[in-house]
Protein chains: 2
Amino acid sequence: MSEVAATGISVLLVDDHPIVRQGYRRVLESQGDLHVVAEADNAADAYGAFKAHDPDVVVLDISMPGASGLEAIRNIRARSPRARILVFTMHNEAVLVKAAFGAGASGFVTKSSEPSAVVHAVRSVARGERAMSDDIAHVLAEDSLSAGSALDQLGEREIEILRQFAGGATTEQIAAHLNLSVKTVQNYHYLIKSKTGARTDAQLVRLAATCGLTRI
Amino acid sequence: MSEVAATGISVLLVDDHPIVRQGYRRVLESQGDLHVVAEADNAADAYGAFKAHDPDVVVLDISMPGASGLEAIRNIRARSPRARILVFTMHNEAVLVKAAFGAGASGFVTKSSEPSAVVHAVRSVARGERAMSDDIAHVLAEDSLSAGSALDQLGEREIEILRQFAGGATTEQIAAHLNLSVKTVQNYHYLIKSKTGARTDAQLVRLAATCGLTRI
DNA sequence: TGCAGCTCGGGCAAATTTCCCAAGCCGGAT
DNA sequence: ATCCGGCTTGGGAAATTTGCCCGAGCTGCA
């Protein structure tokens with residue numbers, strides 16, 4: 001375990017964008033005590049890389065193609081409950097944050113955070129503490145006071161499908177990405193509209209956008 | 001006026017995520033000949049930074065809060081037609097690519113690209129060439145086979161229908177509001193998708209939003 | 001005069017949406 | 001242990017929409 005513990009913190013980077021990984025790596029390694037020991041570009045590879053390198057901290061983006069990042073979190077935590085996972089994504093929707101912590105994440109930092117905040121979060125998580133960026137704390141605080149957004153009624157699969165749909169993906173693409181039948185995706189599509197009260201696809205996209213699920 | 005032209009290429013980074021900017025900066029500067037002379041985290045600041053530093057290349061993400069990145073492109077190009085702008089985003093929809101080039105971008109690279117491809121694109125754009133990543137070339141090629149253009153090729157009626165549709169109106173509501181048959185509205189709907197190249201209603205909404213036709 | 005493009009809608013096969021239903025799974029309550 | 005409820009996954013079938021064909025009336029313009 002953590003063979004570099006005496007000299008620093010080992011990190012596994014999981015993000016589907018190569019240049020983004022490259023950037024994180026450079027930012028983290030410039031700190032001196034943080035070492036990126038492995039990278040993965042999808043949820044499926046994440047656990048293999050985790051097992052092979054046993055990093056102190058996993059830094060991962062939950063918006064990836066294929067199995068959702070939430071699944072990757074559960075996957076890793078189920079087999080290695082000691083794993084420390086720091087979610088690092090552009091999304092700041094309360095439902096996603098709660099889902100991530102519920103899945104076993106130790107921290108949640110948005111890409112809007114200052115690099116120093118991210119580095120700080122990595123160290124906090126490595127120490128076994130819970131960490132989140134200021135904007136996430138704010139979102140969670142707001143959320144706990146409010147009656148809840150329309151997206152709160154959605155399960156995580158529904159959230160994932162809505163995200164991809166609002167991002168412009170076709171039903172077939174979503175089905176292929178998530179390994180579901182087209183029929184299932186269609187049913188989710190209908191279910192999401194029912195739950196949120198959206199009458200048209202356009203309203204669904206607007207809802208997803210206003211809730212921060214997707215950016216336009 | 002590119003005062004560093006003899007020694008390298010000056011770059012202005014525009015992205016709303018600080019750590020992502022930090023990462024890009026490090027990746028680009030590790031090349032030796034690329035120098036990030038300024039950063040901006042929103043479209044509004046982008047032109048100010050451009051004017052102040054007159055970079056050889058602007059690398060910007062078009063998915064930002066507030067004014068759209070497309071607006072920033074038009075803004076910069078309108079006042080400095082010599083500007084070279086490389087769009088760097090996670091989106092790979094043909095409509096967005098065409099809108100970006102239509103707005104005056106010189107290049108379009110997705111975040112799925114290898115870092116080397118991004119660096120190469122920056123150099124190409126600096127030389128005044130057009131650049132795009134392989135996946136973008138692919139979606140454009142696909143798109144050109146099925147015809148399709150940008151938003152400004154739409155007629156007045158089509159624009160009006162698109163606006164109402166993207167605003168969340170149902171087909172019946174649009175028909176009633178414009179005193180048209182449902183069938184006619186459906187035909188316009190199809191026609192708009194054909195002309196813009198949008199494959200999905202969601203893509204249509206995104207297009208309308210990025211072009212300022214509707215606000216979300 | 002003629003062509004081109006917008007506007008408006010019909011037609012019809014193919015696809016999707018809209019619901020309803022069921023089965024497996026899991027967590028929590030009894 | 002058992003039941004209940006919710007999530008996930010899909011089948012089925014009717015209703016609706018889509019995709020793409022078409023024609024007709026209108027304009028502007030060359």
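For clarity, every value in this text was computed on a predicted model and none was experimentally measured.
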- Query: Could you state the NZ-P distance from B:Lys183 to C:dC12, rounded to the nearest angstrom?
  - Reply: 11 Å
- Query: Does the distance from a Lys or Arg side-chain N to an Asp or Glu carboxylate O, for B:Glu160 and B:Arg157, drop under 4.0 Å?
  - Reply: no
- Rounded interatomic separation in angstrom, taking CG from A:Leu191 and P from D:dG6: 13 Å
- Grab the OH-C1' distance between A:Tyr190 and C:dC20 for me, whole Å please. 9 Å
- Message: If the cut-off is 4.0 Å, is A:Thr184 near the phosphate of D:dG10, judged by side-chain N/O to OP1 or OP2?
- Response: yes
- Rounded interatomic separation in angstrom, taking CZ from A:Arg74 and P from D:dT8: 9 Å
- Query: Can you tell me how far P of C:dG24 sits from CZ of A:Arg157, to the nearest Å?
  - Reply: 20 Å
- Atom OH of B:Tyr188 and atom C1' of C:dC8 are separated, to the nearest Å, by 6 Å
- Using a strict 4.0 Å threshold on nitrogen-to-oxygen distance, state whether B:Arg26 and A:Glu29 make a salt bridge. no
- Message: What I want to find out is whether B:Lys111 reaches A:Asp16 closely enough, with some N-O distance under 4.0 Å, to be called a salt bridge.
- Response: no
- Is there a donor and acceptor pair, one atom on the side chain of A:Asn187 and one on the base of D:dG11, closer than 3.5 Å? yes
- Message: Whether A:Lys193 contacts C:dT17 is assessed here as follows: a side-chain N or O lying under 4.0 Å from the phosphate OP1 or OP2. Is that the case?
- Response: no
- What is the distance, rounded to the nearest whole Å, between atom NE2 of B:His189 and atom C1' of D:dG19? 12 Å
- Message: In whole Å, I'd like the distance from the CG atom of B:Leu178 to the C1' atom of C:dT7.
- Response: 12 Å
- Query: If you look at every strand shown and take non-hydrogen atoms under 4.0 Å, does B:Glu160 touch a base, only sugar-phosphate, or nothing?
  - Reply: nothing
- Item | Derivation and outcome, side-chain contact (heavy atoms from CB on, under 4.5 Å), residues A:Val119 and A:Arg123 | CA-CA 6 Å; A:Val119 170; A:Arg123 294 200 182 102; 3.3 Å; yes
